[in-house]
Each structure stands twice: as structure tokens, then as C-alpha cells.
Participant: 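Dropping the structure in here first, questions after.
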Amino acid sequence: MKLLSLCLNPSVDRTMDCPSFDVRSTNRVHFVRDDIGGKGINTAVLASRLGAQSMLSLPAPEADRERLSAFLRREGIAFSAVPVPGRLRVNLKIRTESDMVEINEEGAPVSPQAAEACASALEDAAAPGVFCLLTGSLPPGVPDDHYARLIPRMREKGCLTAVDADGGVLKEALKEKPDLIKPNLQEFSRLTGLQPRGIGECCLFSRRLVARTGVGAVCLSLGGDGAVYVTKDEALYAPALQVPVRSLHGAGDSLLSALCLSLSRGDGARAALALGCAAAAAAVSLPGTEMPAREDVEALLPRVRIEHVDI
Ligand SMILES: Nc1ncnc2c1ncn2[C@@H]1O[C@H](COP(=O)(O)OP(=O)(O)OP(=O)(O)O)[C@@H](O)[C@H]1O
Ligand SMILES: [Mg+2]
């Protein structure tokens, strides 16, 4: 069982608790915590925790190279870290008693050479039937069609590809017919111009997207309403599990990582969506940016119900 992840825009997720936050005055921080983050890192961490051989390719900014490497080693992830100048970008989350403000840095530019080095490391790790996850925004310097160019290269090696991105990056990637995409509702609407209402329309519009673009599967995630999984001949719905919600961080990444891992080991769509849904529920029930452990996911799995949707 193996999974490949690419993380071109890694970050430090800095969580600060400020009991009150007022832009016009000095604010007191009661708690601060830093976690290594970024979508591809999250998917790699979850895959490793679920027992997969997890491989990650990423640029490693010089100033944080040691810290990044130590973290990935601790998580049991095999990684290729391409040296780039600078430091990790900081994604700041300021939590007050009632709200959260998010301030995300753009990230250091990644040169075409570094982006290519990350791409060839992925190719080197490729194996038939293994999913390669292309997720997240692209750093400055990397063109919108980067994932689109990687899809045929990975397919050439027998890999399956999944894309979780937004806007132009997702649009370009679709032209190369990835095996799976995982938009949330906002991303789906920006892509299609449609606003599905209800599970039936989510499945119907996803089916039309499959037919129009040739993408293998659409896993449309609906936050607290769950997720649908639609291919040309199957439409499934997984209502979200009722769990205490502590932090929404990493929900989408957990869903995607577990779903693809399960599909690549030959589980059917139902079992794969169920594992994805259990992993996502485990992620939201943990505080902060912590990714779930295998036991957290396995404990929730028996509670997941998958429904067939007629469209
Ligand atoms: N409040 C919730 N309760 C239970 N499960 C949830 C909740 N919110 C999200 N989930 C689970 O997480 C999955 C992914 O959530 P969501 O649709 O918000 O992803 P996303 O917008 O891509 O998130 P991300 O910020 O990680 O990119 C959902 O399909 C659902 O299974
Ligand atoms: Mg998402």
C-alpha cells in the first residue's frame, strides 16, 4: 500500500489564541503553537499513519530544512526535499472566543528547476496503480498548468492521479483527465458556474462534469453535510458523521488521502468513501492542526453509512 504526495507550497501553521482581537488596538496572545503544514504534507502524514508507504516530494526552504526533515522522519514519510532559498511561509490563525482570522503568506517563489526536480522525484517513486495526489495552491513562479503537465507523466508510469486545487489550476488539470478530483462546494461552483442544491443535484452536476471532461471520479465534499462520490456509473453519498467539531483543519486532506489509499489497494468505491469519511470526521474532532491516528479513523469507520443515489 503506497501513496505519493506533492507539496509545492509547504507552510508553518501558526495558531494564536487571543481572547479578544481588535484591529485598532494591541492584542494579547495567550497561547501560540506552530505546526508544519500544507495540503500535500497533510495527505502524506495521514497515509503514513494509516500504514501506507507514504512518499512526499517538496521544496525545502533553506532556513527550515532541518526542522521540516526532522518532522517528516518522525512521521515515517519517505521524502525528497529539493533545497530552495528562504524560509517556510507562515499561515497565521488568530482564534478569539467566537471567531477565527486567517492570514496566509504567499510563500517563497519556486524556480522552474526546483519545480522540475520535485516532479522527477515523484516520477522516480511512481509505481503502477499507486495514487499520486496533486494538491493545494501553487507558489509564485509555478504556472497554473503545472499539475496538468504532471498528470500524463505520472500516468505514463502507471500511476493514478488525484487533484485538489482551485480556479485556473483545477481547470487546467481537468484538460488532462485526472482519475479523481476533490472540490468542495465553492471550488465546484467556481469551476462549473453551477450551485447544486441538495444531494441529488450534487450527484447530477458531478456526473455531468464527468461526462463533459472525462475526469474519472468527482468527490464533491460538502463540509458538515458530508461528501458525494460520482463516476460515470456510480453515485454515492456519505453523510458526515456526527462528531464533536474541534477544528476543520485538514478535513478535506484526510478525506482525499484515505479515499485514494483505499481505492488504490482495490477496495470498491463504497469502502473507499467510507474510509475517507471516517478519516475526515476524525480530523475535525481533533483540536488544532493535528492529523488523526489510525485508531481514531478505525474507531469511527463502523459508524459511516454510504447511500446509493439514483440520478
Ligand atoms: N462539521 C463536520 N462534521 C463532521 N464531518 C465534517 C464536518 N466538516 C467537514 N467534515 C468532513 O470533512 C470532509 C471534508 O470537508 P470540507 O468539505 O469542508 O473540505 P474542504 O473544504 O476541502 O476542507 P479543507 O479546508 O481541508 O480544504 C466532509 O466531506 C466531511 O466528511
Ligand atoms: Mg479543500
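Note that ligands are numbered from 1 as they come in the structure, with each ligand's atoms numbered from 1 the same way. In this chain, numbering begins with 1 at the start of the sequence shown.
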Participant: Give me the nearest non-hydrogen protein atom to atom 15 (O) of ligand 1 as residue plus atom name, then the distance to 0.1 Å.
Facilitator: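 Residue, atom and distance for the closest contact: A251 CB, 3.8 Å.
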
Participant: Just need the protein heavy atom nearest to atom 29 (O) of ligand 1, so name the residue and atom and give the distance.
Facilitator: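 Going by distance alone, atom 29 (O) of ligand 1 is nearest to G226 O, 2.8 Å.
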
Participant: Check K182 against ligand 1 and report side chain, backbone, both or neither, counting heavy atoms closer than 4.0 Å.
Facilitator: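 For K182, the contact with ligand 1 is made by the side chain alone.
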
Participant: With a cut-off of 4.0 Å, which atoms of ligand 1 are near a heavy atom of G252?
Facilitator: 14 (C), 19 (O), 22 (O), 23 (O), 24 (P), 26 (O)

Participant: How long is the straight-line distance from CG of D179 back to CZ of F131, given to the nearest 0.5 Å?
Facilitator: 5.5 Å

Participant: Need the ligand 1 atom indices (1-based, order shown) with element for anything under 4.0 Å from a heavy-atom of L248.
Facilitator: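 Under 4.0 Å from L248, ligand 1 has these atoms: 8 (N).
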
Participant: Using a distance-only test with no angle check, is there a side-chain donor-acceptor pair under 3.5 angstrom linking D17 and T15?
Facilitator: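 Judged by distance alone, the side chains do not pair up.
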
Participant: For atom 19 (O) of ligand 1, state which one of S285, S221, G224 supplies the nearest heavy atom.
Facilitator: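 The residue whose heavy atom sits nearest atom 19 (O) of ligand 1 is S221.
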
Participant: Can you find a protein heavy atom under 4.0 Å from atom 25 (O) of ligand 1?
Facilitator: no

Participant: Would you mind checking which non-hydrogen protein atom is closest to atom 20 (P) of ligand 1, with the distance to 0.1 Å?
Facilitator: N184 ND2, 3.9 Å

Participant: Taking atom 4 (C) of ligand 1 as the point of reference, which of L273, L185, L241 owns the nearest heavy atom?
Facilitator: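 Among L273, L185, L241, the closest heavy atom to atom 4 (C) of ligand 1 belongs to L241.
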
Participant: Any non-hydrogen side-chain atom of L46 less than 4.5 Å from a side-chain atom of L256?
Facilitator: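 No, too far: nothing below the 4.5 Å cut-off.
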
Participant: Is there a heavy atom in K39 that sits closer than 4.0 Å to ligand 1?
Facilitator: yes

Participant: Can you find an N or O of V284 that's nearer than 3.5 Å to an N or O of ligand 1?
Facilitator: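 No - when backbone and side-chain N and O of V284 are compared with those of ligand 1, no distance drops under 3.5 Å.
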
Participant: Is it possible for you to say whether L300 and L222 belong to one hydrophobic cluster, with membership spreading through side-chain heavy-atom contacts below 4.5 Å?
Facilitator: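 Looking at the clustering, L222 is in a separate group from L300.
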
Participant: Does a side-chain heavy-atom distance below 4.5 Å link L191 with L209?
Facilitator: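 Touching, per the 4.5 Å side-chain cut-off.
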
Participant: Between V230 and L220, is any pair of side-chain heavy atoms under 4.5 Å apart?
Facilitator: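 No, side chains not in contact.
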
Participant: With sequence neighbours excluded, what pairs up with D124 under the side-chain contact (heavy atoms from CB on, under 4.5 Å) test?
Facilitator: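 If we apply the side-chain contact (heavy atoms from CB on, under 4.5 Å) test to D124, skipping adjacent residues, there are no hits.
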
Participant: With heavy-atom distances below 4.0 Å as the criterion, list the atoms of ligand 1 near A240.
Facilitator: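 Reading through ligand 1 atom by atom, the close ones are 4 (C), 5 (N).
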
Participant: Mind checking whether S137 and V169 have side chains closer than 4.5 Å, heavy atoms only?
Facilitator: no

Participant: Which of the atoms in ligand 1, numbered in the order shown and given with their element, are less than 4.0 Å from a heavy-atom of V245?
Facilitator: 1 (N), 2 (C), 3 (N)

Participant: For atom 12 (O) of ligand 1, which of the options A280, A278, G276, G223 provides the nearest non-hydrogen atom?
Facilitator: A280

Participant: If we ignore hydrogens and angles and just use 3.5 Å, is the side chain of S48 paired with the main-chain N or O of E75 as donor and acceptor?
Facilitator: yes

